[in-house]
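Worksheet for the structure shown next.
All ligand and atom numbering here is 1-based and tracks the order in the structure. Quick caveat: nothing in here was measured; it's all calculated off a predicted structure.
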Amino acid sequence: MNQLFDLTGKVALITGGTHGLGMAMAMGLGKAGATLVINGHSSQEKIDKALEAYRAEGITAHGYLFDVTQEAAVIDNVARIESEVGPIDILVNNAGIIKRIPLVEMSVEEWDQVIRTDLTGVFIMSKHVVKGMMERGSGKIINICSMMSELGRNTVGAYAAAKGGLKMLTQNMATEWAKHNIQVNGIGPGYFATSQTAPIRVDGHPFNDFIIQRTPAGRWGDPEDLAGTAVFLAAPASDFINGQVIYVDGGILATIGRPANE
Ligand code: GCO
Ligand code: CA
């Protein structure tokens, strides 16, 4: 394989790598040669099922059950991973949640939960993984952003605040850590067919038609569409790229959209 995109011998930790976009990106990293470590927080069963899926593809994968918002658990599990699997070369901060509630109806508890998972969780994870990267003088951190890092949408205010914040956190991490040969970049997925978007993707749902109409490519993203960008940002090919968010969106951010009859 071209060395620019070769991840052989690298350890990649993907939070929320049990399903959806996290799994699709992790599959890409694994097929490029990385040893995978996936994190999940809901159940060991879900992790085991995911590990089976990776192993069925011939990918070496390990699973760890912990919550990225709990600092003590993060410290403990990062240490376990580094001693049981090896130093973490690549961290993909993918774990996230969404709540679709208008801001005037949203409780502070609901708001806090979204910010805590989607923004604070990335800070906690990165803070504890980057220390080893600094000592070794290399590392790749990929933060999973969103269309909502750039655009607003009714009902997703807390998510947009977190994902907009995550874009700036990405720039700030790059600012502080680039001198250690650590690259911190983001991926901003457009609208993808996953369980997260299932409630708004059902046939006949006005949002389903809206997204297809609003996306120049004329379709929802397939999770596999993200794998190439994940590999690129994890590989030597991107060693001088820092603090950028690459949007994988079928062209959504390139355009204002078009009238329904055009
Ligand atoms: C929504 C969607 C989005 C996407 C994605 C867009 O309700 O608008 O769920 O938030 O999941 O993050 O990039
Ligand atoms: Ca490197």
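- With respect to Ser238, the side-chain hydrogen bond (donor to acceptor under 3.5 Å, both in side chains) criterion is satisfied by exactly one of Lys140, Gln183, Gln244: Lys140.
- Contact annotation: for Arg100 versus ligand 1, heavy atoms closer than 4.0 Å belong to the side chain alone.
- Here the heavy atom of the protein found nearest to atom 2 (C) of ligand 1 is Tyr191 CE2, 3.4 Å.
- Both the backbone and the side chain of Met147 come within 4.0 Å of ligand 1, judged by heavy-atom distances.
- At least one N/O-N/O distance between Pro189 and ligand 1 falls below 3.5 Å.
- Ionic pairing of Asp225 and Arg219 is present here: one or more N-O contacts between side-chain nitrogen and carboxylate oxygen are shorter than 4.0 angstrom.
- At a heavy-atom distance under 4.0 Å, only side-chain atoms of Ile98, from C-beta outward, approach ligand 1.
- At least one test fails for Arg214 against the ring of Phe207: distance under 6.0 Å to the centre or angle within 45° of the axis.
- Side-chain N or O atoms of Asp67 include none that pairs as donor or acceptor with a backbone N or O of His41 at under 3.5 Å.
- Near Ser146, with a cut-off below 4.0 Å to any heavy atom, the atoms of ligand 1 are 5 (C), 6 (C), 12 (O), 13 (O).
- In this structure, CG on Asn143 lies 5.5 Å from CE on Met173, to the nearest 0.5 angstrom.
- Counting heavy atoms under 4.0 Å from ligand 1, residue Tyr159 touches it through the side chain alone.
- Side-chain contact between His180 and Met133 is absent, with no heavy-atom pair separated by less than 4.5 Å.
- Which parts of ligand 1 touch Arg153 is read off a 4.0 Å heavy-atom cut-off, strictly below it: atoms 1 (C), 7 (O), 8 (O).
- When only non-hydrogen protein atoms are considered, atom 11 (O) of ligand 1 lies nearest to Gln196 OE1, 2.5 Å.
- Every atom of ligand 1 is numbered from 1 in the order shown, and the set under 4.0 Å from a heavy atom of Val156 is 7 (O).
- Residue Ile90 is tested with Val11, Leu13, Leu7 for a side-chain contact (heavy atoms from CB on, under 4.5 Å); the sole match is Leu7.
- Contacts between Ile200 and ligand 1, counted as non-hydrogen atom pairs separated by less than 4.0 Å, involve the side chain only.
- Val231 has its side chain within reach of Leu29: a pair of non-hydrogen atoms, C-beta onward, lies under 4.5 Å apart.
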